[in-house]
Number of protein chains: 2
Amino acid sequence: MRIEKSVKCIDCPLKCDIYLTAREMGMEEFLEPAYVYYKKYETICRQGSKIKNATILIQGNAKMFVSGHCSRNIILNILIPSNYIGLISVYGLPDYPYSVSALEDCHTCQIDNEALEQIYLKNEHFMKLLNHAFGSSVANIMDKLISLNQKQIRGRVAESLLYLSRLYDSNSFKLSITRRELGELSAISEENTVRALTELRNEEIISIDGRNIVLKDTDTLARISMNC
Amino acid sequence: MRIEKSVKCIDCPLKCDIYLTAREMGMEEFLEPAYVYYKKYETICRQGSKIKNATILIQGNAKMFVSGHCSRNIILNILIPSNYIGLISVYGLPDYPYSVSALEDCHTCQIDNEALEQIYLKNEHFMKLLNHAFGSSVANIMDKLISLNQKQIRGRVAESLLYLSRLYDSNSFKLSITRRELGELSAISEENTVRALTELRNEEIISIDGRNIVLKDTDTLARISMNC
DNA sequence: TTGCGACATTGATTTAAATCAACTTTTTTA
DNA sequence: TAAAAAAGTTGATTTAAATCAATGTCGCAA
């Protein structure tokens, strides 16, 4: 982790929940934020290492993934601005159960865990906010578990495309990830990912131009994603 | 859910964390527990239905599992006495993201969600207790995700056997589940589960007599479980 | 400007696991 | 207690997906 004084790093725009809450409580000073800048490909946090602070992604995209002993990674989520990293320490996990790395240059704001926990404990509204975010992430992982075990390639790729479209809030988006990573998001090989994309394009369900993807028929895509 | 007045149902032995905490806080009366008895095979809670109360398993074993649209289930956990069901509602999930059914006759104690949440909010110690339990369940699911995607049959069955041995705190135990369910715990087919068991027996790593299993060489088993 | 490396694509082959099928053993229940 | 149902086992076959291999494309740095 490097604090790049030379790089003009974007300040936390004070609209994130942690800041709003701290301000309300008059604890703004208490947070002592560090603004940290990561270059593309840099690791923001590493699976298995101690969680020392909560990180808010201010600008750029990142991937959250888990890695096994050998074999390839599974991408759990693509993180976009305003997403948190490391909240799980509030729930008693001392170490990161996942890694996060920058898909493009990223600006982050990092605040000490202790400070975060104080606010969590003192502010019921904030506590519920975090609890709910954490609860729904559990539901997401369970969905992933099922889809990983029961859906086949087409279904998994369709699911990933719908996920990205929801994330970027548009049927037309530019991939921030490589084909290999799209495979890791669906937990399949790069080659089979490409084959599935080609198939869906030939069936005119999507259109592809390099990293630019348009979902032309989301209903059919949703049907493919649901099929087991 | 049936409250069987006719069946002699075991009372919550007052040693569970919820009771101990409520007592300490003078809120014991507030809980209004219902003692509910389930016959073998009965559903204790169903995936997708509203969570109305927290359930404590007092006697008997149960399985917690998720089901996809078609295909077979994945067993997340085997529940043993003192385990909780439905705590996730504290974290904002209104519906069960899993089902639980009784592997044998089960005694449970059920308390209202509202009451539970009051205690959670008013008692920091209890809150941390639940948070940590919830946090480590997330870590468990992530492990499951990796093992499901990257380990092969032998490794997954070895892992399940080690899990059961830890659960029952002994290298020698009687399975509370069928071969099919052991398969669901490892997310593989019944047939391949049997084949893996037979193999491990032939290599004298375990011994099998019907539902009775002895882990003879846990080191080798651990090595097999780790191999990808 | 060119040549290298990362990314992308397509086809052929291999492989792990599911499924199908037949059968035995155990448990349940009528 | 006999019949039926459920559970367990083993072998043969099929299938989905990984891997291997070859080749194409793009961007960028020497």
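On a predicted model such as this, the values are computed, not experimentally measured, just so you know.
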**Request:** Please find the earliest and latest nucleotides of DNA chain D, in the 5' to 3' direction, that have an atom within less than 4.0 Å of any heavy atom of chain B.
**Result:** D/dA7 to D/dA12
**Asked** When you measure from every atom of DNA chain C, which of residues 199-215 of chain B have a heavy atom less than 4.0 Å away?
**Response** none
**Request:** Using a 4.0 Å heavy-atom cut-off across all strands, classify A/Ser189 as base, sugar-phosphate, or nothing.
**Result:** base
**Request:** Look at all strands and tell whether B/Arg154 reaches a base, only sugar-phosphate, or nothing, counting heavy atoms closer than 4.0 Å.
**Result:** nothing
**Message:** For a quick check, tell me whether the side chain of B/Glu191 and the base of C/dC20 share a donor-acceptor pair closer than 3.5 Å.
**Reply:** yes
**Asked** When the nearest nucleotide of DNA chain D is assigned to B/Thr178 and to B/Asn149 on a heavy-atom basis, which residue is associated with the more 5' position?
**Response** B/Thr178
**Message:** Taking the six-membered ring for Trp, are A/Phe134 and B/Phe134 closer than 6.0 Å centroid to centroid?
**Reply:** yes
**Fill in**
Of B/Ile153 and B/Lys40, the one whose closest nucleotide on DNA chain C sits nearer the 5' end is B/Ile153
**Request:** Verify, without hydrogens or angle tests, whether A/Ser160 (side chain) and A/Arg156 (backbone) share a donor-acceptor contact under 3.5 angstrom.
**Result:** yes
**Request:** Without swapping roles, check the side chain of B/Gln47 against the backbone of B/Ser67 for a donor-acceptor pair under 3.5 Å.
**Result:** yes
**Asked** Can you find a side-chain donor-acceptor pair between B/Asn131 and B/Tyr91 that sits under 3.5 Å?
**Response** yes
**A/Asn61-A/Tyr168 side chain donor-acceptor pair, cut-off 3.5 Å** = yes
**Fill in**
B/Lys39 NZ to C/dT29 P, in whole Å, measures 11 Å
**Request:** Measure from CG on A/Leu103 to C1' on C/dC7 and round the result to the nearest Å.
**Result:** 15 Å
**Message:** C/dT10, OP1 or OP2 - any side-chain N/O from A/Thr198 closer than 4.0 Å?
**Reply:** yes
**Message:** Check the phosphate of C/dT9 against A/Arg179, side-chain N and O only, distance under 4.0 Å to OP1 or OP2. Yes or no?
**Reply:** yes
**Prompt:** Only one of B/Tyr41, B/Tyr38, B/Tyr37 clears side chain to side chain donor-acceptor pair (under 3.5 Å) with B/Asp105; which?
**Reply:** B/Tyr37
**Request:** Under the side chain to side chain contact (heavy atoms under 4.5 Å, CB included) rule, what do B/Leu57 and B/Tyr84 come out as? Steps first, then yes or no, please.
**Result:** CA-CA 6 Å; B/Leu57 188 55; B/Tyr84 293 101; over 6 Å; no
**Item:** Difference in axis direction between the ends of the helix from C/dT1-D/dA30 to C/dA30-D/dT1, five pairs, 10°
**Value:** 30°
**Complete:** Those residues at least two apart in sequence (or on a different chain) that pass side-chain contact (heavy atoms from CB on, under 4.5 Å) with A/Glu181 are A/Lys63, A/Ile75, A/Leu103, A/Ile177, A/Thr178, A/Glu184
**With sequence neighbours excluded, residues passing side-chain contact (heavy atoms from CB on, under 4.5 Å) with A/Asp143** = none
Run the side-chain donor-acceptor check on residues 207-215 of chain A: report pairs under 3.5 Å with partners two or more places apart or on a different chain.
none

**Asked** Could you walk me through whether A/Ser99 and A/Met64 pass the side chain to side chain contact (heavy atoms under 4.5 Å, CB included) check?
**Response** CA-CA 6 Å; A/Ser99 298; A/Met64 178 181 281; over 6 Å; no
